[in-house]
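In what follows, every heavy atom counts, from backbone to side chain, and hydrogens, waters and symmetry copies are set aside.
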Protein chains: 2
Amino acid sequence: MDRRAALTEGALAYVLEHGLIGLSLRPLAAALGTSDRMLIYHFANKETLIAEVVALANRRLAESIDEADPPVRTVGDLVRYAWRVVNDPVAHGAMRLYLQMCVLSVHESDGWRSAHEQSREPWLIMLRTGLAELAIPQPRVEPLADLILDTVDGLLLDSLVTSRPARVDAAAAAFADLLDHDSADRAATHL
Amino acid sequence: MDRRAALTEGALAYVLEHGLIGLSLRPLAAALGTSDRMLIYHFANKETLIAEVVALANRRLAESIDEADPPVRTVGDLVRYAWRVVNDPVAHGAMRLYLQMCVLSVHESDGWRSAHEQSREPWLIMLRTGLAELAIPQPRVEPLADLILDTVDGLLLDSLVTSRPARVDAAAAAFADLLDHDSADRAATHL
DNA sequence: CATTGGATGTAGCGACTGCTACGTTTTCGG
DNA sequence: CCGAAAACGTAGCAGTCGCTACATCCAATG
């Protein structure tokens, strides 16, 4: 058994619950049934420990996106699906972690930026392929994918902070409807 | 002269540059030409100092929104205007602060939540009145205002993190066009 | 001039941080 | 079965944190 991998696993669970921002080795080690000394022993330093944890979280995220293959008939469905996945209470821990990475990469853009981009990439791939399958013309795919991901991020941020889910759900639904309206309109004018 | 107000002013400038997250009294005091002792003397504790700074930032934000009265002819214009205001390099400090408040209120929702809501409110008011003036039917105003604010937040987050402004600008433009398309479509069907 | 009260500097408290030196235990291949 | 290597605990380093006790200075007031 790879002790390091097991520790990474446990550390991820701890980070998902307690956040990345004030993370301290000793409470983490206590929760993992070990000592700060051992964490340093296995990971050399705090930085690579966090990098390992974040990488694991990103791997999990990519897996959870890949394995789901929902029935997507319209662009709105794409948004509705992404919103459902992201807004799952079980996923909220991962989403909080994602937001923390965003903010950390904003105010000290050392290694955080790449971690953040690795978080975004599976989503962007999913959105781009989804849009392509829906026959969205090539030049519109990229900005639309960016817009959808950013909007879902914004909705998620709102949802996590204000904890008034119904209101945010309504906004998300409005976005999905907006996209469907638009697609239908464009299709009609090209008939 | 109110020493406390002057210190709050300086602290805001410092926080806009150095962020809220690792904020420590001693470097802050040094930058302000005083000592941590004096900060505690004037503000009683770190918590109320930060509260004061955040309140000042929110006041500034509300002022900057109020004083601008742009020509807004369509819903898309509303988005374009909000995006221009938010994406101003001068405002980026305030926006970083806003995002940090978001994240801080996500992972320790003590006093942060209300501060965060106070940041959102001037924007929401601006959007709601703008939408009402554009004759958007009442039941659609609320979700649309939420959607626009959340989307702009998401775009801003992307912009601040990835620092690839052209890409995000394209997404923002796509959003504005989407809204204009939708409005025109709805208007046409109701003629 | 004496006193008072606000403003400020110094030194330090206790708690915590990431990290390390060192000694002990456990494991395992030859 | 023994010795080397890996795993682990204890104690502690040097540093920072928010915060405070105490002494000092300075201006205004009586």
Side-chain angles (χ1 to χ4, degrees), chain A residues 1-57 97 100-101 103-105 107-112 115, chain B residues 1-57 97 100-101 103-105 107-112 115:
Chain A
M1 58 172 69
D2 191 348
R3 185 104 182 88
R4 176 159 165 160
L7 285 176
T8 308
E9 205 83 35
L12 174 57
Y14 182 90
V15 163
L16 286 181
E17 188 178 347
H18 296 85
L20 248 180
I21 284 181
L23 183 63
S24 165
L25 287 190
R26 277 198 257 258
L28 169 63
L32 264 51
T34 178
S35 67
D36 57 340
R37 167 70 184 79
M38 279 299 101
L39 291 181
I40 297 296
Y41 173 77
H42 284 291
F43 296 92
N45 52 42
K46 185 185 182 181
E47 190 181 338
T48 64
L49 194 169
I50 293 182
E52 214 99 331
V53 167
V54 167
L56 176 61
L97 180 59
Q100 290 175 25
M101 281 167 44
V103 169
L104 286 175
S105 71
H107 97 109
E108 38 173 309
S109 49
D110 309 341
W112 291 114
Chain B
M1 60 171 66
D2 192 348
R3 187 104 180 85
R4 177 159 164 161
L7 284 176
T8 308
E9 206 83 36
L12 174 57
Y14 183 89
V15 163
L16 286 181
E17 186 177 349
H18 296 85
L20 249 180
I21 282 181
L23 183 63
S24 166
L25 287 192
R26 279 198 254 258
L28 169 62
L32 265 50
T34 177
S35 67
D36 57 339
R37 168 72 186 79
M38 280 295 101
L39 291 181
I40 296 296
Y41 172 76
H42 284 290
F43 296 92
N45 51 45
K46 184 185 183 182
E47 189 182 340
T48 64
L49 194 169
I50 293 183
E52 214 98 330
V53 168
V54 167
L56 176 61
L97 179 58
Q100 290 175 24
M101 282 168 44
V103 168
L104 286 175
S105 72
H107 98 108
E108 38 173 310
S109 50
D110 309 342
W112 292 114

Inset, instruction - Assess whether one donor atom and one acceptor atom, taken from the side chain of B:R26 and the base of D:dT16, lie less than 3.5 Å apart. - result: no
Inset, instruction - With heavy atoms under 4.0 Å as the rule, sort B:L23 into base, sugar-phosphate or nothing. - result: sugar-phosphate
Legend entry - Under 4.0 angstrom between B:H42 side-chain N/O and C:dT8 OP1 or OP2: yes
Legend entry - B:E47 CD to D:dG18 C1', straight-line distance once rounded to whole Å: 12 Å
Inset, instruction - Please confirm whether any donor atom in the side chain of B:D36 sits under 3.5 Å from an acceptor in the base of D:dC17, or the reverse. - result: no
Inset, instruction - Using only side-chain N and O atoms of B:S35, determine if any of them is under 4.0 Å from OP1 or OP2 of C:dG9. - result: yes
Legend entry - Phosphate OP1/OP2 of C:dG18 contacted by A:S24 side-chain N/O (<4.0 Å): yes
Inset, instruction - Nearest whole angstrom, please: distance from the P of C:dA7 to the CZ of B:F43. - result: 12 Å
Inset, instruction - Return the value, rounded to whole Å, for the distance between atom CD1 of B:I50 and atom C1' of D:dC17. - result: 13 Å
Inset, instruction - Could you check how far CD1 of B:I40 sits from C1' of D:dT20, rounded to whole Å? - result: 10 Å
Legend entry - Whether B:E52 side chain and B:T8 backbone form a donor-acceptor pair below 3.5 Å: no
Inset, instruction - Measure the distance from CG on A:L25 to P on C:dT17 and round it to the nearest whole Å. - result: 8 Å
Inset, instruction - Answer whether the closest heavy-atom distance between the side chains of A:L49 and A:L7 falls below 4.5 Å. - result: no
Inset, instruction - Indicate yes or no for a side-chain donor-acceptor contact from B:R4 to the backbone of B:H42 under 3.5 Å, with no hydrogens or angles considered. - result: yes
Legend entry - Distance below 4.0 Å between B:R37 side-chain N/O and C:dA7 OP1 or OP2: no
Legend entry - Closest to the A:K46 side chain, choosing from C:dG18, C:dT8, D:dC17: C:dG18
Legend entry - Out of D:dC19, C:dT17, C:dT8, whichever nucleotide has its closest atom nearest the side chain of B:R3: C:dT8
Inset, instruction - Look at all strands and tell whether A:L39 reaches a base, only sugar-phosphate, or nothing, counting heavy atoms closer than 4.0 Å. - result: nothing
Inset, instruction - In whole angstrom, give the distance that lies between atom CZ of A:R4 and atom P of D:dA7. - result: 12 Å
Inset, instruction - Measure the distance from CE on A:M38 to P on D:dT10 and round it to the nearest whole Å. - result: 11 Å
Legend entry - Rounded interatomic separation in angstrom, taking CG from A:L32 and P from D:dC8: 12 Å
Legend entry - Heavy-atom side-chain proximity of B:W112 to B:I50 below 4.5 angstrom: yes
Legend entry - Whether B:N45 side chain and B:T48 backbone form a donor-acceptor pair below 3.5 Å: yes
